[in-house]
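Basis for what follows: all heavy atoms, side chains included, without hydrogens, waters or symmetry-related copies.
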Amino acid sequence: MAAEEPPPFCDFEEWIDTEIDALDKRVHEGAKEMEEEIRRRCELKRKQVEAQKQHKEEERRRKAAKRKAEREKKLERAHHAKAALKENPDALRKGKWPRCTQ
């Protein structure tokens, strides 16, 4: 006797459950809602991180510009002091008048 082959899968079509229970629908909808909530939170977190990076970069640029302006101001003062000293070699660096030492 030869081994019998099982009938083709299409013969069992009537036993395949094609309807979804109400409980399964609720579970599926709940999973979709949770996935959407997670996606929304991830997007919000990404935007917050991007905003923080942008704020830090802007703050860094602002501080660098402030340091550069202070440096330029100091250099300008030094140029004026050298020019004044060159113009009048007898002038003192720190003051307009000579100090009295007695």
Side-chain angles (χ1 to χ4, degrees):
M1 206 175 187
E4 293 183 22
E5 293 183 19
F9 188 68
C10 60
D11 287 346
F12 297 103
E13 183 177 351
E14 62 190 53
W15 290 329
I16 296 174
D17 189 14
T18 56
E19 292 187 18
I20 300 174
D21 294 345
L23 178 64
D24 292 339
K25 280 185 179 179
R26 285 196 310 241
V27 169
H28 187 67
E29 291 296 320
K32 280 185 178 179
E33 289 174 7
M34 286 175 54
E35 185 178 318
E36 185 61 35
E37 179 69 20
I38 291 170
R39 187 177 294 122
R40 187 184 62 77
R41 285 183 183 178
C42 287
E43 183 67 23
L44 183 64
K45 182 70 172 176
R46 187 189 62 77
K47 286 180 181 180
Q48 287 176 345
V49 168
E50 186 67 31
Q52 285 177 347
K53 283 182 183 178
Q54 191 175 22
H55 179 70
K56 285 181 182 179
E57 182 67 23
E58 185 179 312
E59 187 69 26
R60 187 189 62 79
R61 285 187 195 139
R62 201 174 315 132
K63 286 181 180 180
K66 185 177 178 182
R67 284 191 306 265
K68 185 177 179 182
E70 288 176 2
R71 182 176 168 85
E72 287 176 358
K73 185 178 177 182
K74 287 178 183 179
L75 287 173
E76 188 66 30
R77 288 179 65 197
H79 279 333
H80 284 299
K82 281 186 179 182
L85 192 60
K86 201 179 244 187
E87 187 178 298
N88 185 6
D90 295 334
L92 295 174
R93 285 183 178 228
K94 292 201 174 191
K96 190 173 179 182
W97 308 105
R99 292 184 182 175
C100 295
T101 55
Q102 288 181 350

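Just one residue in the list Glu76, Lys82, Arg77 forms a side-chain hydrogen bond (donor to acceptor under 3.5 Å, both in side chains) with His80, and that residue is Glu76.
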May I have the list of side-chain donor-acceptor pairs in residues 56-71 shorter than 3.5 Å, sequence neighbours left out?
unit_1	atom_1	unit_2	atom_2	d
Glu57	OE2	Arg60	NH2	2.4
Glu58	OE2	Arg62	NH2	2.9
Glu59	OE1	Arg62	NH1	2.8

For residues 41-51, dump all side-chain donor-acceptor pairs below 3.5 Å to protein atoms at least two apart in sequence or in another chain.
unit_1	atom_1	unit_2	atom_2	d
Arg41	NE	Glu37	OE2	3.1
Glu43	OE2	Arg46	NH2	2.4

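Here His79 pairs with nothing under the side chain to side chain donor-acceptor pair (under 3.5 Å) rule; sequence neighbours left out.
Listed by first then second residue, pairs satisfying side chain to side chain donor-acceptor pair (under 3.5 Å) with a partner in residues 24-35 read Glu35-Arg39, not counting sequence neighbours.
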